[in-house]
*Asks:* 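Sharing a structure, written as structure tokens. Questions coming.
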Amino acid sequence: MAREYSGLQMHHQLEAKRKRLTWILGVSALCILFYVLGAWQTTPTSQYDVYTRVGCDNNSATSDSNGSNQSLTNLDFASHHQVALDSSKTISQFPPCDMAYSEYTPCQDKVRGRKFDRDMMKYRERHCPTKQEMLLCLIPAPPKYKTPFKWPQSRDYAWYDNIPHKELSIEKAVQNWIQVEGDRFRFPGGGTMFPRGADAYIDDIGELIPLTDGNIRTAVDTGCGVASFGAYLLKRNILTMSFAPRDTHEAQVQFALERGVPAMIGIIGSMRLPYPSRAFDLAHCSRCLIPWQNNEGLYLMEVDRILRPGGYWILSGPPINWKKYWRGWERTKEDLKQEQDAIENVARRLCWKKVTENNDLAIWQKPINHVGCVKEVICKSEDPDTAWYRSLEACITPVPQVVNSDEVAGGELLKWPERAFAVPPRLSRGSVPGLGVDRFIEDNEQWKDKIAHYNRIIAPLRSGRYRNIMDMNAYLGGFAAAVAKYPVWVMNVIPAHIDYDTLGVIYERGLIGTYQDWCEAFSTYPRTYDLIHASGLFTLYQHRCDITYILLEMDRILRPEGSVIFRDTVELLVKIKSITDGMRWKSHIVDHESGPFNPEKILVAVKTYWTGEATKKKPK
């Protein structure tokens with residue numbers, strides 16, 4: 001009986017195990033079925049569904065760069081995570097500013113500038129409003145604002161209603177800077193010293209120095225006008241930082257950015273330019289009206305600081321070829337000759353070699369090192385890259401030491417495009433404390449995944465929807481390097497008070513950028529960027545200044561229907577979202593590209609389209 005009972009018990013145990021296994025398999029099958037059904041329901045059914053994924057609906061779907069569909073979950077942390085940031089404003093809805101502020105540039109305000117000294121153009125330098133003067137409203141677009149032309153058409157055309165200024169088309173009519181044609185502007189590519197057009201002018205330069213072999217990649221154009229020089233260098237794979245002051249030539253930098261060409265409001269005055277030393281392969285001045293010979297050659301010394309060893313300086317316009325033009329320039333022969341002699345003397349003191357003077361062009365070259373150079377006064381400042389609100393010095397910026405006279409000071413760079421992903425000399429030589437080659441390689445690999453993720457959560461970067469991009473905390477420039485193959489350009493910004501200065505690294509990669517303190521406004525016009533990237537920025541600034549004003553500044557420089565990608569902690573993103581919801585933005589939080597277990601999340605935002613109404617009221 002015992003044996004029969006034992007066998008019966010074993011039979012019941014086996015039966016129970018089979019039932020339990022069947023139940024587990026059944027539940028698992030149901031889970032898989034419902035997961036598949038859920039994924040199918042959130043899959044976009046049309047191209048419109050894919051495009052509107054940045055519209056921030058609660059159940060948005062995406063398509064990856066290869067066209068395959070992938071579901072993304074909008075994450076809602078609002079009721080679970082909250083953080084109080086220092087002195088952040090709690091305005092639920094920000095009102096529009098008066099239309100008189102439509103082209104407001106806070107730190108280059110002409111009314112405020114008149115309070116400052118005209119000596120060395122100080123009144124046209126950056127003078128930012130106090131906290132009490134800062135606006136808590138949204139800068140409006142003109143009433144008939146349109147989405148700008150896509151690149152490359154934008155190089156030649158811009159909508160009149162976006163920048164309703166005809167002054168330059170009248171003042172510079174003979175020089176072919178800009179023309180009005182119906183409802184749009186056309187940019188023929190002319191300039192003060194290149195009436196045949198910038199393209200032909202650049203060809204003339206190309207006969208004198210090599211422009212297309214990849215050695216010259218970064219350029220700076222001082223007093224750029226509407227940036228036609230930079231616009232036409234782009235077809236030769238040369239990326240130009242163009243700058244000009246906000247002066248009587250109304251909106252020249254605004255026109256440049258509307259064309260999709262890199263530009264900033266800026267001037268060589270009493271302060272260093274906001275760029276690191278040894279940044280540019282080429283510097284250019286075409287009748288830029290900078291008195292190069294004044295103040296003991298102070299301005300040419302600043303060009304020398306930012307010019308890479310072996311780099312070129314090109315000058316056209318007064319006093320070059322004065323024997324031909326002196327009457328038209330309404331100056332005496334003696335005056336012009338004296339000016340050119342003074343410039344030549346400063347160039348010799350800098351150990352520059354004069355390459356050529358051919359018709360309207362004169363070109364000098366900075367030596368590759370200072371071996372054998374008789375240096376009169378060497379700057380004693382510890383860091384030649386320090387450039388944020390740093391006064392100019394009448395001294396020669398030293399270059400890194402070399403072993404022999406054939407060595408390039410600071411290290412030789414590869415040609416473009418290999419330069420973009422080669423290890424920059426500043427890293428290989430240990431010039432940036434705490435950052436090395438391994439971190440650079442790792443960052444490049446990470447950006448492959450990031451860009452693939454971005455192409456799923458916003459309109460693909462190759463689509464032409466974006467042209468002008470800003471990276472507000474650019475680190476090593478990985479974002480800009482990763483998108484260099486697309487029809488975009490990136491303004492890489494390094495916060496001025498960050499622990500590590502990597503802007504020199506970014507320039508050594510063949511990219512461009514600037515220093516900036518984000519507690520102040522950026523040196524640009526409203527509505528000049530299509531996409532803004534802010535990774536870890538608010539972690540840096542949450543205790544330095546009110547983040548509300550940073551977000552309002554982002555709104556000022558972002559075009560209607562432009563996009564923003566924030567990367568930060570959940571707590572900060574929730575706070576950011578609560579503020580931008582009152583700025584007529586639509587946004588949602590999504591997971592990190594590595595998955596939901598990464599504590600860093602991504603907030604995707606879109607500035608909605610709206611315009612102001614024309615009024616006659618003027619700012620006080």
Side-chain angles (χ1 to χ4, degrees), residues 119-122 125-126 218 220 222 241 243 266-283 285 290-313 315 342-353 364-403 405 407-411 413 424-426 429-433 494 496-498 500-508 513-517:
D119 180 51
M120 295 182 70
M121 306 299 287
K122 291 176 184 176
E125 294 180 328
R126 286 176 58 88
T218 55
V220 60
T222 55
M241 176 69 80
F243 70 84
I267 191 169
I268 295 185
S270 66
M271 298 287 177
R272 282 183 174 180
L273 295 170
Y275 317 121
S277 65
R278 297 180 284 120
F280 298 100
D281 301 308
L282 183 149
C285 162
I290 297 171
W292 298 111
Q293 74 283 3
N294 287 3
N295 300 303
E296 301 181 62
L298 193 64
Y299 306 129
L300 268 184
M301 289 176 180
E302 175 62 0
V303 171
D304 181 74
R305 182 185 72 86
I306 63 174
L307 200 60
R308 188 161 291 138
Y312 297 95
W313 182 56
L315 177 63
I343 291 174
E344 302 270 11
N345 182 51
V346 175
R348 280 192 294 271
R349 288 165 52 201
L350 293 169
C351 297
W352 290 5
K353 172 188 174 183
W364 287 263
Q365 186 175 23
K366 179 178 177 176
I368 62 172
N369 56 55
H370 279 169
V371 173
C373 175
V374 179
K375 301 176 285 293
E376 297 183 358
V377 182
I378 300 298
C379 298
K380 295 189 172 28
S381 57
E382 295 181 1
D383 187 1
D385 289 350
T386 303
W388 186 249
Y389 290 129
R390 179 68 175 267
S391 296
L392 291 179
E393 298 177 76
C395 54
I396 300 173
T397 301
V399 296
Q401 295 293 320
V402 295
V403 176
S405 60
E407 184 182 350
V408 178
L413 301 178
R426 274 176 165 91
R429 294 174 175 232
S431 301
V432 184
I494 295 299
H497 305 291
I498 205 166
Y500 45 83
D501 179 2
T502 53
L503 191 55
V505 171
I506 288 169
Y507 272 95
E508 288 182 341
T514 184
Y515 296 110
Q516 169 70 22
D517 181 356

*Asks:* With a 3.5 Å cut-off and no angle check, do the side chains of Y515 and D385 form a donor-acceptor pair?
*Replies:*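 No, D385 and Y515 have no side-chain donor paired with an acceptor closer than 3.5 Å.
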*Asks:* Can you check whether V505 reaches V432 side chain to side chain, under 4.5 Å on heavy atoms?
*Replies:*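 A side-chain contact under 4.5 Å exists here.
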*Asks:* How far apart are the C-alpha atoms of V377 and I396, what are their side-chain angles, what is the distance that settles it, and do they pass the side chain to side chain contact (heavy atoms under 4.5 Å, CB included) test?
*Replies:* CA-CA 6 Å; V377 182; I396 300 173; 5.9 Å; no
*Asks:* Between R272 (side chain only) and T386 (backbone N and O only), is there a donor and an acceptor less than 3.5 Å apart?
*Replies:*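 It does hold such a pair.
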*Asks:* Roughly how far apart are Q401 CD and H370 NE2, rounded to 0.5 Å?
*Replies:*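 Taking CD in Q401 and NE2 in H370, the distance rounds to 10.0 Å.
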*Asks:* Closer than 3.5 angstrom, by distance alone: can the side chain of R305 be matched with the main-chain N or O of T397 as a donor-acceptor pair?
*Replies:*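 Judged by distance alone, no pair lies under 3.5 Å.
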*Asks:* So, T514 side chain and P274 main chain: donor-acceptor pair closer than 3.5 Å or not?
*Replies:*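 Checking the backbone N and O of P274 against the side chain of T514, a donor-acceptor pair under 3.5 Å is found.
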*Asks:* Please report the closest heavy-atom contact between I494 and I506, naming both atoms and the distance.
*Replies:*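 Minimum heavy-atom contact is CD1-CD1, 3.9 Å.
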*Asks:* Got a donor-acceptor contact below 3.5 angstrom from the K366 side chain to the R308 backbone?
*Replies:*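 It does not hold such a pair.
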*Asks:* Closest approach of P425 and G410, non-hydrogen atoms and distance?
*Replies:*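 Nearest heavy atoms, P425 then G410: CB-O, 3.1 Å.
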*Asks:* How far apart are the C-alpha atoms of L307 and R278, what are their side-chain angles, what is the distance that settles it, and do they pass the side chain to side chain contact (heavy atoms under 4.5 Å, CB included) test?
*Replies:* CA-CA 5 Å; L307 200 60; R278 297 180 284 120; over 6 Å; no
*Asks:* Could you check whether any side-chain N or O of D119 sits under 3.5 Å from a backbone N or O of M121, counting only pairs where one atom can act as donor and the other as acceptor?
*Replies:*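 Not at all, since once roles are kept as given, no pair shorter than 3.5 Å links the two residues.
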*Asks:* Checking side chain to side chain contact (heavy atoms under 4.5 Å, CB included) for the pair T222/W292: CA distance, chi angles, key distance, verdict?
*Replies:* CA-CA 12 Å; T222 55; W292 298 111; 4.0 Å; yes
*Asks:* Is the shortest heavy-atom distance from the side chain of V220 to the side chain of F243 under 4.5 Å?
*Replies:*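 Yes, side chains in contact.
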*Asks:* Using atom types as modelled and distance alone, determine if a side-chain donor or acceptor of E302 lies under 3.5 Å from a backbone N or O of L392.
*Replies:*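 No, E302 side chain to L392 backbone: no donor-acceptor pair under 3.5 Å.
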*Asks:* Using modelled atom types only, decide if a donor and an acceptor are shared between the side chain of N369 and the backbone of A409 within a distance under 3.5 Å.
*Replies:*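 Side chain of N369 to backbone of A409: no pair is present.
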*Asks:* Can you tell me how far apart CE (M271) and CZ (R126) are? Round to the nearest 0.5 Å.
*Replies:*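 If we round to the nearest 0.5 Å, M271:CE and R126:CZ are 11.0 Å apart.
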*Asks:* OH/Y312 to NZ/K353 distance, rounded to the nearest 0.5 angstrom?
*Replies:*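 If I round to the nearest 0.5 Å, the distance is 8.5 Å.
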*Asks:* Can you tell if the side chain of L315 reaches within under 4.5 Å of the side chain of I343, non-hydrogen atoms only?
*Replies:*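 In short, these two side chains touch, coming nearer than 4.5 Å.
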*Asks:* Are any non-hydrogen side-chain atoms of V346 and Q293 less than 4.5 angstrom apart?
*Replies:*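 In short, these two side chains do not touch, never coming nearer than 4.5 Å.
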*Asks:* From L282 CG over to Q365 CD, what is the distance, rounded to the nearest 0.5 angstrom?
*Replies:*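 Separation between the atoms: 10.5 Å.
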*Asks:* For W313 and D304, test the side chains for any donor-to-acceptor distance below 3.5 angstrom and give the result as yes or no.
*Replies:*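 Side chains of W313 and D304: no pair found under 3.5 Å.
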*Asks:* Would you find a donor on one side and an acceptor on the other, under 3.5 Å apart, between the side chain of Y299 and the backbone of P291?
*Replies:*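 The answer is no, because no donor-acceptor pair under 3.5 Å joins these two groups.
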*Asks:* K380 and E393: salt bridge (charged side-chain N to carboxylate O under 4.0 Å, His left out), yes or no, with the steps?
*Replies:* CA-CA 10 Å; K380 295 189 172 28; E393 298 177 76; over 6 Å; no
*Asks:* Can you tell me how far apart CD1 (I378) and SG (C373) are? Round to the nearest 0.5 Å.
*Replies:*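 With rounding to 0.5 Å, CD1 (I378) is 7.5 Å from SG (C373).
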*Asks:* Of all the heavy-atom pairs spanning A283 and V303, show the shortest one and how long it is.
*Replies:*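 Where A283 meets V303 most closely, the heavy atoms are CB-CG1, 3.9 Å.
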*Asks:* Taking the six-membered ring where the residue is Trp, are the ring centres of Y275 and F280 under 6.0 Å apart?
*Replies:*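 Ring-ring flag for Y275/F280: true, centres closer than 6.0 Å.
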*Asks:* Let me confirm one number: the CD1-CD distance from I368 to E407, rounded to the nearest 0.5 Å.
*Replies:*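 Here the interatomic distance stands at 8.5 Å.
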*Asks:* Looking only at heavy atoms, what is the nearest atom pair of P398 and C379, with distance?
*Replies:*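 Taking every non-hydrogen atom into account, CD-O, 4.0 Å.
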*Asks:* Verify, without hydrogens or angle tests, whether T218 (side chain) and A279 (backbone) share a donor-acceptor contact under 3.5 angstrom.
*Replies:*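 Here the side-chain-to-backbone pair exists.
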*Asks:* Would you say that W352 contacts E344 through its side chain, given a criterion of any heavy-atom pair below 4.5 Å between the two side chains?
*Replies:*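 Side-chain contact under 4.5 Å: no.
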*Asks:* Would you name the heavy atoms of G513 and M241 that are closest together and state the gap between them?
*Replies:*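 G513 and M241 have their closest heavy atoms at O-CE, 3.4 Å.
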*Asks:* Give the C-alpha distance, both sets of side-chain angles, the deciding distance and a yes or no for side chain to side chain contact (heavy atoms under 4.5 Å, CB included) between E125 and Y389.
*Replies:* CA-CA 10 Å; E125 294 180 328; Y389 290 129; over 6 Å; no
